[in-house]
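As structure tokens, the structure follows; a few thoughts come after it.
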Amino acid sequence: MPEAPRPRVFTIPPHRPFANALAAGLLRQHRDPMALARGIVLLPNSRAKTALTDAFVRRAEGGLLLPRLVIIGDPELDEALGSALDPIGAAEPIPPAIDAMERRMRLANLVQQVRMMRDEPIEAAEAVRLAGELGRMLDQLQVEEVAAHDVLSAVDPNLSEHWKSSLAELEIVLSKWPEELARIDKIDLTHRRNLLLRRIAGRWAEAPSPGFVVAAGITSTAPAIAAVQRTVAFMADGMVVLPALDLAMDEDEWEALGPFERDPETGFRPRSIETHPQFQFKLLLDRMGVARGEVAVWRHGGGRDAPAARSRAIGHAMAPAEFTDRWDKLSKRARRVTGVRGLVLAQPAEEAQTIALAIREAIESEGRTAALVTPDRGLARRVAAHLKRWGIDADDSAGRPLAELPAGTLLLAIAEAAAARFAPVQLLALLKHPLVRMGEDRLKWLDEARALDMALRGPRPGAGLAGVGAHLRGLIETAWSDGR
């Protein structure tokens with residue numbers, strides 16, 4: 001019998017920069033520029049697309065035709081893939097996705113209708129809030145391709161009365177939502193994405209893309225995405241590249257992660273360790289039908305690799321709780337973490353200043369770069385502020401909160417002024433905002449705002465702009481009567 005095809009699945013260890021290593025490997029595998037340009041690289045998000053583009057540009061030398069870089073979650077995935085899916089256009093067209101705000105408003109309307117049917121009216125603001133929660137639940141169900149009816153039917157019937165009432169309301173809304181979508185000939189965005197992904201997986205299984213296809217850095221366990229990655233892994237000129245899959249983890253630790261099936265006799269199901277970083281990879285490989293032993297290490301380096309001991313240290317640090325007793329038995333070589341220092345600091349301000357000094361020291365050395373990786377947004381902002389004092393602009397990949405940008409502060413000033421019914425303090429804060437009046441008339445505007453400030457001092461005027469206007473008219477009439 002012919003040997004079954006083996007999947008082409010690789011992993012880039014965490015001590016190697018993923019984008020750099022991926023770009024270096026693809027360039028070595030496809031030395032013909034036209035062959036590289038005919039390829040497709042599926043990526044998880046826009047940030048990954050930008051990082052891989054930059055990695056290719058750094059190696060472009062005299063110029064380079066990039067492969068088609070496509071985000072796997074693109075709502076117009078068929079358009080993004082272009083000619084690679086031309087024959088798919090002959091299939092029945094997939095309806096357009098409903099706009100996010102329109103969906104929320106229609107769901108809110110459904111919630112209000114159901115409450116009116118139950119003689120329990122609800123305010124519009126609360127209906128919109130509930131619609132947002134309902135939309136998130138629908139998205140989660142559709143990502144996992146689970147029917148809402150199956151979830152509701154699995155709920156324990158022995159609930160208290162208020163929970164039963166909420167469940168009945170939810171059932172009515174979920175039953176009416178498909179009818180509402182059919183009436184406007186649209187579908188949910190998540191559902192449309194699933195249909196596109198399933199269609200792409202089927203298309204490539206029958207007729208692979210003319211160029212190579214690489215699914216890189218995609219760790220989502222959504223069944224539709226896993227189906228695409230499985231198809232790519234078994235294509236003749238396709239491969240899947242995962243980030244930081246731990247191939248050195250002991251088999252008993254790997255199996256302890258789950259997921260586990262329920263025992264048909266006892267009904268008992270062991271608890272999976274879903275919070276472990278490797279659980280996502282195990283679930284993804286299970287849904288792809290690929291064993292961990294079939295995954296190979298990506299042999300191409302990124303040019304700025306850290307010591308391999310870093311990956312071993314990360315693996316040991318992330319051991320499941322029931323296996324941490326093995327830490328005492330690690331060899332000296334397994335404990336070594338070259339080039340890593342630990343600091344214990346007294347307070348957050350000292351921590352931010354120390355990190356900023358380390359970054360400044362690094363970038364002042366020729367040819368060196370530095371990056372701060374932290375989930376603490378407050379710490380990141382404090383470090384960026386320290387660097388700003390030294391003339392160093394930190395490129396924060398998480399962006400800045402809207403409330404800290406000029407446009408955001410203007411929106412907040414408008415909202416606060418309206419909420420306070422244009423009380424003097426809030427009104428003047430709005431009028432003095434830099435974006436309210438710009439250009440050559442700015443100084444004159446500020447002079448008039450200061451005059452208004454002086455006029456509003458004293459007894460507080462009536463509420464609203466009408467109260468402010470009446471107060472100013474009273475001041476003018478008094479001034480006229482006094483001959484001023």
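Throughout, numbering of the chain's residues begins at 1 and tracks the sequence. Heavy-atom basis, side chains included; hydrogens, waters and symmetry copies ignored.
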Evaluate the criterion side-chain contact (heavy atoms from CB on, under 4.5 Å) for residue pair Val70 and Lys49; output intermediate values, then yes/no. CA-CA 8 Å; Val70 179; Lys49 183 177 179 179; over 6 Å; no
If you define the side chain from C-beta out and look only at heavy atoms, does anything of [X] sit under 4.5 Å from [Y]?
{"X": "Pro434", "Y": "Pro406", "result": "no"}
{"X": "Pro243", "Y": "Ile12", "result": "no"}
{"X": "Phe281", "Y": "Thr219", "result": "yes"}
{"X": "Arg103", "Y": "Arg106", "result": "no"}
{"X": "Pro208", "Y": "Val213", "result": "no"}
{"X": "Leu285", "Y": "Leu242", "result": "yes"}
{"X": "Leu52", "Y": "Leu69", "result": "yes"}
{"X": "Lys282", "Y": "Glu255", "result": "yes"}

Atom [atom1] of residue position [X] - does it have more than 12 heavy atoms of other residues, nucleotides or ligands inside 6.0 Å?
{"X": "Glu123", "atom1": "CD", "answer": "no"}
{"X": "Arg58", "atom1": "CZ", "answer": "yes"}
{"X": "Gln347", "atom1": "CD", "answer": "yes"}
{"X": "Met117", "atom1": "CE", "answer": "yes"}
{"X": "Met318", "atom1": "CE", "answer": "no"}

Just do the side-chain contact (heavy atoms from CB on, under 4.5 Å) check on Thr11 and Trp298 with the steps written out, would you? CA-CA 6 Å; Thr11 181; Trp298 186 258; over 6 Å; no
Closest approach of [X] and [Y], non-hydrogen atoms and distance?
{"X": "Ala127", "Y": "Ile122", "value": "N-CD1, 3.9 Å"}
{"X": "Ala233", "Y": "Val9", "value": "CB-CG2, 3.9 Å"}
{"X": "Trp177", "Y": "Ile98", "value": "CH2-CD1, 4.1 Å"}
{"X": "Thr374", "Y": "Ala380", "value": "CG2-CB, 4.2 Å"}
{"X": "Ser272", "Y": "Gly258", "value": "OG-CA, 3.8 Å"}
{"X": "Lys186", "Y": "Ala97", "value": "CD-O, 4.3 Å"}

Is a salt bridge present between [X] and [Y], judged by a nitrogen-to-oxygen distance below 4.0 Å?
{"X": "Lys176", "Y": "Glu179", "answer": "no"}
{"X": "Arg193", "Y": "Asp74", "answer": "no"}
{"X": "Arg381", "Y": "Asp376", "answer": "no"}
{"X": "Arg437", "Y": "Glu448", "answer": "no"}
{"X": "Arg382", "Y": "Glu351", "answer": "no"}

Can a donor-acceptor pair be found, under 3.5 Å and without considering hydrogens, that links the side chain of [X] to the backbone of [Y]?
{"X": "Trp445", "Y": "Leu431", "value": "yes"}
{"X": "Gln278", "Y": "Ala244", "value": "yes"}
{"X": "Lys432", "Y": "Ala449", "value": "no"}
{"X": "Arg230", "Y": "Met288", "value": "yes"}
{"X": "Gln229", "Y": "Ile218", "value": "yes"}
{"X": "Thr324", "Y": "Pro320", "value": "no"}
{"X": "Arg104", "Y": "Val128", "value": "yes"}
{"X": "His316", "Y": "Ser311", "value": "no"}
{"X": "Arg68", "Y": "Ala37", "value": "no"}

Can you check side-chain contact (heavy atoms from CB on, under 4.5 Å) on Ile72 and Ser220, steps first, answer last? CA-CA 10 Å; Ile72 192 72; Ser220 171; over 6 Å; no
Can you tell me how far apart [atom1] ([X]) and [atom2] ([Y]) are? Round to the nearest 0.5 Å.
{"X": "Asp237", "Y": "Arg38", "atom1": "CG", "atom2": "CZ", "result": "10.0 Å"}
{"X": "Leu456", "Y": "Leu472", "atom1": "CG", "atom2": "CG", "result": "5.5 Å"}
{"X": "Arg389", "Y": "Leu387", "atom1": "CZ", "atom2": "CG", "result": "10.0 Å"}
{"X": "Leu196", "Y": "Arg203", "atom1": "CG", "atom2": "CZ", "result": "14.5 Å"}
{"X": "Ile414", "Y": "Gln426", "atom1": "CD1", "atom2": "CD", "result": "14.0 Å"}
{"X": "Leu174", "Y": "Leu138", "atom1": "CG", "atom2": "CG", "result": "5.5 Å"}

Do you see a donor-acceptor pair shorter than 3.5 Å between the side chains of Gln142 and Asp188?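 The criterion, which ignores hydrogens and geometry beyond distance, is satisfied for Asp188 and Gln142.
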Glu145 vs Arg198, salt bridge (charged side-chain N to carboxylate O under 4.0 Å, His left out): CA-CA, chis, key distance, verdict: CA-CA 11 Å; Glu145 298 184 357; Arg198 290 290 183 182; 2.8 Å; yes
Is the terminal nitrogen or CZ of Arg292 (NZ for Lys, CZ for Arg) located under 6.0 angstrom from the six-membered ring centre of Trp254 and within 45° of that ring's axis?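 Satisfied, under 6.0 Å and within 45°.
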Kindly indicate, with the supporting measurements, whether the criterion side-chain contact (heavy atoms from CB on, under 4.5 Å) is fulfilled by Thr231 and Ile200. CA-CA 9 Å; Thr231 301; Ile200 289 165; over 6 Å; no
